[in-house]
Amino acid sequence: GDPIFSIEGGTAVMVDKLPCEACNTNGVALGALFALRGGRMLTNRLGLAVELQAVGAELEVHVDETGYLAGTKKAIQWSYLISAQCRISRQFQVRTGAGVSKVSYHYEDSYKTIVDNIGIGGTVSAALVYEYLSARQFSLDISGYVSHTSFGAGNGSINFAGLAIGLSIH
């Protein structure tokens, strides 16, 4: 089958529910989304790929009620997925994937910097892709993403939804 290669970038809304030293509240933040994918089409409609996703966000947090520790919290999630894509029409595709994610938080204020590696969790992801410009060898795409990562019972989770623009080479 034909090779699959795509690169995408865009914005994402990240919602975290994680216990960590750098955060003691649930966070919601607007951030950035990046995805890189490579694989092969198995048929005209179905393909398999390996995918790397990165989502990063920054938000203000108030860890201490005294106000002394008010600072910025940065979160980044790296996801490594095996994904399938299915062409459902000439311009639309659905992508689904499963794999693992590594998440870390960076908290900084005027007194200290904390790096908290949350760990590795199981991830599922899905995207609806619209090819708004298509040529024989490439296409320009708009993708809507959703993703959920769980770190086990009592260890929290991260969810994100995003919109990305990408280049796919066929």
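Scope of the values below: all heavy atoms of this structure, side chains included, with no hydrogens, waters or symmetry mates.
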Quick one: salt bridge (charged side-chain N to carboxylate O under 4.0 Å, His left out) pairs with a partner in [range], sequence neighbours left out?
range	answer
residues 126-149	Arg87-Glu131
residues 155-170	none
residues 156-169	none

Roughly how far, to the nearest 0.5 Å, is [atom2] of [Y] from [atom1] of [X]?
X	Y	atom1	atom2	value
Leu33	Leu163	CG	CG	9.0 Å
Gln93	Ser6	CD	OG	8.5 Å
Ile169	Asp2	CD1	CG	13.0 Å

What pair of heavy atoms forms the shortest contact from [X] to [Y], and how long is it?
X	Y	result
Ala35	Tyr145	CB-OH, 3.5 Å
Arg40	Pro3	NH1-N, 3.4 Å
Ala75	Met14	CB-SD, 3.9 Å

Any side-chain donor near an acceptor of the partner, Thr149 and Gln77, under 3.5 Å: yes
Candidate list Gln53, Lys102, Glu51, test side-chain contact (heavy atoms from CB on, under 4.5 Å), partner Ser79, passing option: Gln53
Test log, rule side-chain contact (heavy atoms from CB on, under 4.5 Å), inputs Val50 and Tyr80: CA-CA 8 Å; Val50 176; Tyr80 309 94; over 6 Å; no
